[in-house]
Amino acid sequence: MHTIHEKPKLLARVRRMQGQLRALETQLEQEGDCIEILQQIAAIRGAANGLMSTIIEGHMRDHVVREAKEELREEEAKVVLQVVKSYLK
């Protein structure tokens with residue numbers, strides 16, 4: 001499974017995101033500069049998008065493309081599309 005193989009990298013990304021969120025919280029608590037706060041939010045969003053992209057790519061490769069059974073491939077693809085649609089709202 002791709003998340004197991006990429007576990008150290010994925011956890012490192014999540015920990016960086018946690019640091020970004022803590023920094024944002026501090027900026028808000030200290031009534032920081034609006035532009036810096038917006039930049040921090042943009043960085044967090046970019047990190048979340050990158051993480052989502054990595055997980056989707058791995059899932060598509062491991063659970064859709066390499067799936068031998070057509071029914072399972074279709075179901076996995078359907079689930080991914082639902083998640084992507086939800087994420088893009």
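Looking only at side-chain heavy atoms (C-beta outward), Leu10 and Ile55 come within less than 4.5 Å of each other. In this structure the side chain of Thr54 never reaches within 4.5 angstrom of the side chain of Lys9, judged on heavy atoms. Between Met60 and Val80 there is a side-chain heavy-atom pair separated by less than 4.5 Å.
Residues Glu57 and Arg61 are paired through a salt bridge, judged by an N-O separation under 4.0 Å between the basic side chain and the carboxylate.
Hydrophobic clustering (ILVMFWY, side-chain heavy atoms < 4.5 Å, transitive): Met52 and Leu88 are in one cluster. Tracing side-chain contacts under 4.5 Å through hydrophobic residues (I, L, V, M, F, W, Y), one never reaches Leu51 starting from Leu11; they form parts of separate clusters. Hydrophobic clustering (ILVMFWY, side-chain heavy atoms < 4.5 Å, transitive): Val64 and Val84 are in one cluster.
In this structure a side-chain-to-backbone donor-acceptor pair under 3.5 Å is present from Thr26 to Arg22.
Heavy atoms only, all atoms of each residue included: Gln20 and Ala43 are closest at NE2-CB, 3.7 Å. Between Glu67 and Arg73, the closest heavy-atom pair is O-NH1, 2.8 Å.
The distance from the CG atom of Leu38 to the CD atom of Gln27 is 9.5 Å, given to the nearest 0.5 Å. From Glu6, atom CD reaches atom CZ of Arg13 across 9.5 Å, with rounding to the nearest 0.5 Å. The CD atom of Glu25 sits 10.5 Å away from the CD atom of Gln30 when rounded to the nearest 0.5 Å. Of the inter-residue distances, the one linking Ile35 atom CD1 with Gln39 atom CD reads 7.0 Å to the nearest 0.5 angstrom. Between the CG atom in Leu28 and the CD1 atom in Ile37 there is a gap of 4.5 Å [rounded to 0.5 Å].
A 6.0 Å sphere centred on CD of Glu70 holds no more than 12 heavy atoms belonging to other residues, nucleotides or ligands. Heavy atoms of other residues, nucleotides or ligands lying less than 6.0 angstrom from CD of Glu71 number 12 at most.
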